[in-house]
Amino acid sequence: MFSLTALLEVILAGRDCLVAGDSCSSDETCSPRLRTLRQCVAGNGSMKLGPGARSQCANAVSALLSSPLNGCQCKRGMKKEKNCLSIYWSLHQSFIHGLNLVESYPYETVHRDYDYVRLASITADSDVGMTTVNRCLDAAKACNVDDVCQKLRTEYVSACIKPTAKSGLCNRPKCNKALRRFFDRVPADYTHELLFCPCTDTACAERRRQTIVPSCSYESAEKPNCITQIKICNTDYVCRSRLAQFQYDCEPSEISANGCKQGNYGACLLAYTGLVGSTITPNYIDNSTSSVAPWCSCSVSWSQREDCDHFLGSFTTNICLQNALMMFGSESDQQPTVSQASMPSPGSSSRETRSTASPQETIETMRNILDTIIPTQALGNELLVGQSTLPSNSFPISASPPSLMLQAALCLLLLLFHLLNNGH
């Protein structure tokens, strides 16, 4: 039996795998079981454990399922994330030996909270009196006035466009690290609008495609085989975890009202951004559609062609991901359950497509912008960096407190007026 104190400690820590691992390591019953299991999942675990390896592994798993390790999770971008994930996978990797566990996923659920008033004040000047809005430009403007967003965005753009002295090419590992830092530390309010803002022309779509500086982080001379990329990903705890989270949160369902088994568009998009900067980084495949996929191919997969097609299809033919991308900006991407997602939201206008811009009331435009998140990249390296350094008359870097307060007040009055007119 594990001590009640250890269990309470894990519960209070939000089921953190680091805490669970410490609790297990200090327990005389749990600790040897964990060591055995780690040998089981190691490449030569069976040799170390001898002929009865499978039985020992099964016993270790059974014992640990009643320990604090079972059900523990990690936070995306946390300190010691790899250490935390190694503890998580020490238990969940046991499927290698045919020991199937209950369905689980490595990261804690993230509840998205939006600062409507603050973001409204940023975009109010350009929105009021307009019938259409370029959300990609509004996204860039909002990122530029947020210190963290602007700083980390400038850092990754710089890392991705700077050639190395030796080869003259970009430093892809450094670029990917900076991208992961950006998408892990900047609130989804900004990163989602940056990646998923709707476009109605190819110039906008190309600017959006350039967001992650694909010439460095995404493309290469030839497309590698997807199976090879998956194998590389699975050797890294973080990449493997991000892929597992994406497969869970973006799992399609034919019987779900919104096409997602988990019923949560926002969680799917968040899991998608978690893959950016990894071996299987996804991006828009061109500037004429909203189709996304990793930079890999299944053309030479031989006996693993089915597995390869299934992986690639989780991006190219995934109804959950496609719906999440299409509906981004509407209130449906915030709804956490299938039943909620299937119900229309009072006062919201529906969009039949994302490629056609329709006139919006000022309040609806504001809410659609604020519903999601931030900046888009411009064409070419100059514009990639320029969005962080544009003159104030194009993308204001700061606003005076009185101006922000007046803009925020105006947005609140508009919202109140809208609700009263609709009988609320």
Side-chain angles (χ1 to χ4, degrees), residues 17 21 34 37-48 53-54 57 60-61 64 69 72-78 80-108 172-173 176-177 179-180 183-184 217-218 220 223-251 268 270-283 292-316 318 321:
C17 286
L34 180 58
L37 186 60
R38 282 176 171 166
Q39 290 182 340
C40 291
V41 299
N44 58 353
S46 296
M47 294 176 61
K48 288 183 178 180
R54 179 173 175 79
C57 292
V61 170
L64 292 173
L69 290 174
C72 77
Q73 292 177 307
C74 304
K75 292 183 178 68
R76 177 173 143 180
M78 66 185 292
K80 298 184 178 180
E81 181 180 0
K82 283 190 176 182
N83 292 344
C84 184
L85 292 171
S86 70
I87 295 171
Y88 172 88
W89 286 110
S90 65
L91 184 60
H92 295 275
Q93 195 178 1
S94 58
F95 71 86
I96 292 175
H97 299 270
L99 306 169
N100 294 321
L101 301 178
V102 294
E103 187 178 59
S104 182
Y105 48 96
Y107 292 108
E108 294 179 8
R172 176 167 285 194
N176 284 337
K177 183 177 180 180
L179 277 168
R180 290 194 301 271
F183 285 103
D184 285 349
S217 68
Y218 180 66
S220 57
K223 284 189 176 182
N225 184 270
C226 292
I227 296 297
T228 301
Q229 298 304 96
I230 295 172
K231 288 180 179 178
I232 296 173
C233 177
N234 283 333
T235 62
D236 179 81
Y237 284 127
V238 174
C239 185
R240 181 199 305 174
S241 301
R242 302 297 175 90
L243 178 57
Q245 194 73 38
F246 171 77
Q247 292 171 333
Y248 178 85
D249 285 325
C250 296
E251 183 178 359
C268 178
L270 191 65
Y272 174 98
T273 63
L275 293 173
V276 176
S278 72
T279 307
I280 52 176
T281 294
N283 195 29
V292 296
W295 184 263
C296 65
S297 168
C298 292
S299 58
V300 189
S301 300
W302 310 113
S303 61
Q304 294 180 294
R305 181 59 184 262
E306 186 176 347
D307 291 338
C308 188
D309 288 339
H310 178 74
F311 167 76
L312 204 53
S314 65
F315 295 90
T316 59
N318 185 334
L321 177 60

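The structure presented is a predicted model; accordingly, all values stated were derived computationally and were not measured.
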Checklist outcome for this item: Sorted by chain and number, sequence neighbours left out, side-chain hydrogen bond (donor to acceptor under 3.5 Å, both in side chains) with S220 holds for W295

Next on the checklist: The criterion is ring-ring contact (aromatic ring centres under 6.0 Å, His included); which residues satisfy it with F315, sequence neighbours excluded?
Outcome noted: F246, F311

Checklist entry - With sequence neighbours left out, what residues match N83 under side-chain hydrogen bond (donor to acceptor under 3.5 Å, both in side chains)? => result none

Item to check | Counterpart residues, side chain to side chain contact (heavy atoms under 4.5 Å, CB included), relative to S86 (two or more places apart) | outcome: Y237

Checklist entry - Between R76 and L270, is there a donor-acceptor pair closer than 3.5 Å when you use the side chain of the first and the backbone of the second? => result yes

Checklist entry - Who passes salt bridge (Lys or Arg N to Asp or Glu O under 4.0 Å) against K82, sequence neighbours left out? => result D236

Checklist entry - How close do G77 and D184 get, heavy atom to heavy atom, and via which atoms? => result CA-OD2, 3.8 Å

Item to check | Step-by-step disulfide bond (SG atoms under 2.5 Å apart) determination, C84 to C17 | outcome: CA-CA 5 Å; C84 184; C17 286; 4.5 Å; no

Item to check | Contacts of type side-chain hydrogen bond (donor to acceptor under 3.5 Å, both in side chains), residue R305, not counting sequence neighbours | outcome: D309

Item to check | Under the side chain to side chain contact (heavy atoms under 4.5 Å, CB included) test, residues paired with Q229 that sit two or more places apart | outcome: P224, I232, T279, I280, C296

Next on the checklist: Is there a disulfide between C308 and C298 in this structure (defined here as SG atoms under 2.5 Å apart)?
Outcome noted: yes

Item to check | Partners passing side-chain hydrogen bond (donor to acceptor under 3.5 Å, both in side chains) against E81 (at least two apart in sequence or in another chain) | outcome: Y107, R242

Checklist outcome for this item: Between L179 and S217, the two heavy atoms sitting closest are CD1-CB, 3.4 Å

Checklist outcome for this item: Sorted by chain and number, sequence neighbours left out, ring-ring contact (aromatic ring centres under 6.0 Å, His included) with F183 holds for none

Next on the checklist: Can you pull out every salt bridge (Lys or Arg N to Asp or Glu O under 4.0 Å) where at least one residue sits in residues 272-283? Sequence neighbours excluded, please.
Outcome noted: none

Next on the checklist: Looking at K223, I want to see if its NZ is surrounded by more than 12 non-hydrogen atoms of other residues, nucleotides or ligands under 6.0 Å.
Outcome noted: yes

Item to check | Nearest heavy-atom neighbours spanning T316 and A293 | outcome: CG2-CB, 3.9 Å

Item to check | L85 CG to C74 SG distance, which is reported to the nearest 0.5 Å | outcome: 4.0 Å

